[in-house]
Student: 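Structure below; questions to follow.
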There are 2 protein chains.
Amino acid sequence: MAQKELKEFIDNASQIYLSHLSLDCVVFGFHDGQLKVLLLKMKNSDRWSLPGGFIKQAESMETAAIRVLNERTGLDSIFLQQFHVFSDPGRSDNKEKNAHLRRAGIAVPAGHWFMQRFLSVGFYALVDFSTVTPQPDAFSDDCAWWDIGETGQLILDHSRILFKALEVLRLQLHYQPIGYNLLPPKFTMPELQKLYETILGRKLDRRNFHRKILSYEILRPLKEKRQGVAHKAPQLYSFDTIKYQKALKEGLGGI
Amino acid sequence: MAQKELKEFIDNASQIYLSHLSLDCVVFGFHDGQLKVLLLKMKNSDRWSLPGGFIKQAESMETAAIRVLNERTGLDSIFLQQFHVFSDPGRSDNKEKNAHLRRAGIAVPAGHWFMQRFLSVGFYALVDFSTVTPQPDAFSDDCAWWDIGETGQLILDHSRILFKALEVLRLQLHYQPIGYNLLPPKFTMPELQKLYETILGRKLDRRNFHRKILSYEILRPLKEKRQGVAHKAPQLYSFDTIKYQKALKEGLGGI
DNA sequence: TTTTCATTGTGTTGATATGACACAATGTAA
DNA sequence: TTACATTGTGTCATATCAACACAATGAAAA
């Protein structure tokens with residue numbers, strides 16, 4: 001977004017968006033055996049932030065989040081989940097906000113809509129890394145994937161939001177299937193295992209994992225194997241979307 | 001709260017509270033082997049609502065929820081958990097709001113703060129039934145405990161909020177200890193079991209439940225037994241608060 | 001062509017947890 | 001003293017889980 005558009009956004013925001021309410025998205029992707037998160041680099045600064053946005057006057061939180069995510073990733077079918085409201089009165093520090101605006105070349109008056117206190121609803125999204133086209137927004141000049149744990153200190157309380165999202169994701173792993181949104185349509189068992197290991201932060205036994213995942217009956221073995229890899233060609237799988245959705249709703253067997 | 005105070009509240013609300021943001025609390029209690037929820041009866045109406053409130057300009061969501069809960073129950077140490085943001089643009093129907101205000105004897109102009117769209121953050125609270133003193137608020141003339149499942153149709157989307165809270169509570173039961181906030185300080189094993197059965201909505205085996213709960217090591221058997229009951233006097237327990245808090249944070253054993 | 005070797009696929013076994021069940025102990029009330 | 005509802009605890013069969021070993025595959029190296 002050009003400078004002019006940014007100015008326009010700031011000028012009209014109070015007409016279009018709800019006041020003191022924002023949303024921040026933790027977009028998880030998976031690539032090269034690493035869990036990644038999509039971040040934005042603030043203009044003329046080396047600090048990074050979570051992609052976020054505001055809520056239009058007559059829009060639901062979910063709709064707003066989908067809109068933001070679509071703008072940042074180009075995707076329009078995204079697994080989205082709200083996980084926490086961050087409402088600490090001290091969370092949006094005006095000094096820091098002002099500094100970022102100044103660097104972005106924008107000045108806003110003291111009582112401006114943007115200078116209000118903001119409460120933020122945290123969403124996390126699971127996306128297929130390979131289909132994302134990262135797009136910076138009006139406040140940023142770069143949008144890129146970062147390894148979880150190598151993000152450094154994000155702006156405001158975004159590090160805390162990221163941490164909380166990861167915590168919730170780990171919990172969900174125990175009673176919900178995962179992977180459909182993070183992996184390409186066809187994938188191998190070792191790839192799925194690596195995903196689980198990365199999210200949980202620990203190694204899993206290959207044979208036990210295989211047995212356990214198959215017992216959920218959410219996978220369909222394909223008639224093909226992955227080609228062009230060194231060593232034995234692994235079996236390709238895809239998710240059985242019907243059973244996957246059912247497991248999402250009803251949980252995985254026991255617990 | 002008297003009529004004058006209500007008028008004053010409506011007049012000053014926009015100065016004191018954030019706009020288009022509210023919170024609603026699902027307060028669970030346990031009594032007579034039944035899971036109860038605290039509800040308010042709208043003035044001059046037979047419809048009931050969840051206790052709710054608004055967020056002061058410089059207050060966190062949690063602080064606001066604690067304030068509301070304290071006003072409704074008299075308690076100041078409450079187990080509180082936010083669980084969802086309800087943001088459907090159609091959720092706060094102005095026709096219904098107007099009707100309730102009219103019945104409460106209040107008229108507000110069309111563009112008034114109160115007539116805005118509201119997004120609501122849902123909290124659930126677990127409280128010791130016996131220590132609560134239900135107090136109606138400015139919009140209600142009664143505050144009382146209702147059996148879950150006998151509440152009928154609540155105002156606005158409050159039935160949906162209640163249902164969602166129950167859903168989340170059931171999920172939490174699988175990886176968090178529960179009971180400390182719902183039971184009196186001393187309780188028996190059958191009482192704890194009845195609580196679990198009520199929340200889960202199904203019978204549990206007495207002997208297996210006993211074994212399982214004890215394996216969590218969050219209970220301390222007391223040197224007394226419940227007196228004055230027919231039949232064999234049951235052993236009294238209390239929660240080991242240190243281990244209980246630890247289990248709250250770290251989850252129950254495996255999963 | 002053969003060998004090497006990292007990787008994939010699968011079976012077994014012992015330990016542990018779970019669910020189904022039965023019986024003895026207790027204390028009030030008949 | 002007896003009846004009886006309720007509490008407390010033990011056992012056993014079964015399911016689940018963690019730990020482990022070996023054969024199959026196929027590209028790369030020799």
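Being a predicted model, the structure only gives us computed values, none of them experimental. The basis for the numbers below is simple: all heavy atoms, side chains too, and nothing from hydrogens, waters or symmetry mates. Every chain is numbered from 1, with letters handed out A, B, ... down the list of sequences.
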Student: Does B:R160 offer a backbone N or O that forms a donor-acceptor pair with the side chain of B:D157 under 3.5 Å?
Tutor: no
Student: When the distance from NZ of B:K194 to P of D:dT6 is rounded to whole Å, what number comes out?
Tutor: 12 Å
Student: Distances for protein N/O vs nucleotides 19-22 of chain C N/O pairs under 3.5 angstrom?
Tutor:
residue : atom : partner : partner atom : Å
C:dG19  : N7   : B:N208  : OD1          : 3.4
C:dG19  : N7   : B:R211  : NH2          : 3.1
C:dG19  : O6   : B:R211  : NH1          : 3.3
C:dG19  : O6   : B:R211  : NH2          : 3.4
C:dA20  : N7   : B:N208  : ND2          : 3.2
C:dA20  : N6   : B:N208  : OD1          : 3.3
C:dC21  : N4   : B:R207  : NE           : 3.2
C:dA22  : N7   : B:R207  : NH1          : 2.7
C:dA22  : N6   : B:R207  : NE           : 3.3
C:dA22  : N6   : B:R207  : NH1          : 2.6

Student: Using atom CD1 of A:I213 as one end and atom P of D:dA18 as the other, report the distance to the nearest whole Å.
Tutor: 13 Å
Student: Between C:dT8 atom P and A:L222 atom CG, what is the distance in whole Å?
Tutor: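 Checked: the CG to P distance equals 17 Å.
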Student: Assign the ring pair B:H210 / B:Y237 to parallel, tilted or perpendicular, where the plane angle (0 to 90°) is split at 30° and 60°.
Tutor: perpendicular
Student: With a 4.0 Å cut-off, would you call B:K41 and B:D46 a salt bridge?
Tutor: no
Student: Atom CZ of A:R226 to atom C1' of D:dT25: distance rounded to whole Å?
Tutor: 16 Å
Student: If the condition is side-chain contact (heavy atoms from CB on, under 4.5 Å), which residues does B:S215 pass it with, not counting sequence neighbours?
Tutor: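 None.
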Student: Would A:N70 and A:R67 count as having a side-chain donor-acceptor pair, cut-off 3.5 Å?
Tutor: no
Student: Quick one: side chains of residues 225-232 of chain B, donor-acceptor pairs under 3.5 Å with protein atoms, not counting sequence neighbours, listed by atom name and distance.
Tutor:
residue : atom : partner : partner atom : Å
B:R226  : NH1  : B:E191  : OE1          : 3.4
B:R226  : NH1  : B:E191  : OE2          : 2.4
B:Q227  : NE2  : B:K225  : O            : 3.3

Student: When the distance from CD of A:Q227 to P of C:dT8 is rounded to whole Å, what number comes out?
Tutor: 15 Å
Student: Distance check needed: C:dT8 C1' versus A:L214 CG, whole Å only.
Tutor: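 Nearest whole value for this atom pair: 14 Å.
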Student: Let's see if you get this right: which residues in residues 230-238 of chain A place a heavy atom under 4.0 Å from DNA chain D?
Tutor: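 Contacts with DNA chain D under 4.0 Å: A:A230, A:H231, A:K232, A:A233.
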Student: Could you state the atom-to-atom distance from CD of A:Q193 to C1' of C:dG9 in whole Å?
Tutor: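 Rounding to the nearest Å, CD of A:Q193 and C1' of C:dG9 are 12 Å apart.
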Student: Separation of A:K225 atom NZ from D:dA27 atom P, in whole Å?
Tutor: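 Spelled out: NZ on A:K225 to P on D:dA27 is 12 Å.
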Student: Using the rule side chain to side chain contact (heavy atoms under 4.5 Å, CB included), only one of B:T133, B:V68, B:I78 pairs with B:T73; which is it?
Tutor: B:I78
Student: Taking only heavy atoms on the protein side, list every residue of residues 185-192 of chain B lying under 4.0 Å from any atom of DNA chain D, sorted numerically.
Tutor: B:P190
Student: Should we say atom OH of B:Y180 is surrounded by more than 12 heavy atoms from elsewhere, each under 6.0 Å from it?
Tutor: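 No, OH of B:Y180 has 12 or fewer neighbouring heavy atoms, counting only those of other groups under 6.0 Å.
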Student: Under the side-chain contact (heavy atoms from CB on, under 4.5 Å) test, which residues partner B:V168, sequence neighbours left out?
Tutor: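 If we apply the side-chain contact (heavy atoms from CB on, under 4.5 Å) test to B:V168, skipping adjacent residues, the hits are B:F83, B:Y124, B:Q172.
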Student: So that I can tick it off, tell me whether B:R91 and B:D24 are bridged by a salt bridge, with the cut-off set at under 4.0 angstrom between side-chain N and carboxylate O.
Tutor: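 B:R91 and B:D24: salt-bridged.
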Student: Under a plain distance cut-off of 3.5 Å, with no hydrogens placed, do A:Q135 and A:E71 share a side-chain donor-acceptor pair?
Tutor: no
